[in-house]
Amino acid sequence: RWVLNLQCKGSRNLMGALRRAVEVDFKDKEKYKSQGLYLLTTGIPDQETHTVSAYVAEVCRGFDLHLHVCLFSVMEDIDSKRVMPARYANPTETAMAFKEIAQAASGRFHWFGEAGIFESDDITVIVSEMEKANNYSQKCAFLVESLKQRS
């Protein structure tokens, strides 16, 4: 169920948006029963990573809530026409920060861009399951072959 759509209004004040999302209406919190927050972003938050991580870890634990992060990397230079954000990080640093934040909130992290998917917790789990299935299949084939040789 979609309850709230928050925008940071041109800034990257993630703490303000998160506070607004989780502290909206405590009197109605039983009515909403949200299980996850989905953050769609293109850049590093204005606040330090450890501050955001500590906040989401505490809040999400208290509400049994998960923060999932979808980072879209836009490969463009900041020119004189654009306003420089309060905090800047390259795409790799930004991804590392958001991965830490998602993990602190027991959420999943996904990083993609114009070139495709760079990293995704869901895809990592699927690949791991496929590798396990392949491993079991090889063990079964070995077992069948050894049983054939015995008979």
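A distance of 8.0 Å separates CG in N13 from CZ in R19, rounded to the nearest 0.5 Å. In this structure, NZ in K148 is found 10.5 Å from OG in S146, a value given to the nearest 0.5 Å. Within the model, atoms CZ of R12 and OG1 of T41 stand 6.5 Å from one another, a figure rounded to the nearest 0.5 Å. With rounding to the nearest 0.5 Å, the separation of CG in L14 from CG in L67 is 7.5 Å. We find the CD-CD1 distance between E93 and I44 to be 7.0 Å, quoted to the nearest 0.5 Å.
When only modelled atom types and interatomic distance are considered, S120 and W111 share no side-chain donor-acceptor pair under 3.5 Å.
Residues L18 and V52 form a side-chain contact, since some pair of their non-hydrogen atoms from C-beta on lies under 4.5 Å apart. No side-chain heavy atom of H110 sits less than 4.5 Å from a side-chain heavy atom of V69.
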- Message: Using side-chain contact (heavy atoms from CB on, under 4.5 Å), reason through E131 and V127 one step at a time and then give a plain yes or no.
- Response: CA-CA 6 Å; E131 288 171 350; V127 168; 3.7 Å; yes
- Message: Between M130 and N134, does the side-chain contact (heavy atoms from CB on, under 4.5 Å) criterion hold? Intermediate values first, please.
- Response: CA-CA 6 Å; M130 290 170 57; N134 185 41; over 6 Å; no
- Message: Checking F112 against F72 for the ring-ring contact (aromatic ring centres under 6.0 Å, His included) test, could you report, in this order, the C-alpha distance in whole Å, the side-chain angles of both residues, the deciding distance, and whether it holds?
- Response: CA-CA 5 Å; F112 59 100; F72 183 76; 5.2 Å; yes
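Hydrophobic cluster membership differs between M96 and L39, with clusters built from Ile, Leu, Val, Met, Phe, Trp and Tyr side chains linked at under 4.5 angstrom. Put simply, F118 and L71 are part of the same group of oily side chains (I, L, V, M, F, W, Y) that touch within less than 4.5 Å, one to the next.
Judged by distance alone, the side chain of S128 and the main-chain N or O of T124 form no donor-acceptor pair under 3.5 Å.
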Acceptor/donor pairs from residues 99-109 side chains to any protein atom, 3.5 angstrom cut, sequence neighbours excluded:
from : atom 1 : to   : atom 2 : distance (Å)
K99  : NZ     : E119 : OE2    : 2.4
E100 : OE2    : S53  : OG     : 3.3
R108 : NE     : D122 : OD1    : 2.6
R108 : NE     : D122 : OD2    : 3.4

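Taking every heavy atom of both residues into account, F98 and G43 meet most closely at CE1-O, 3.1 Å.
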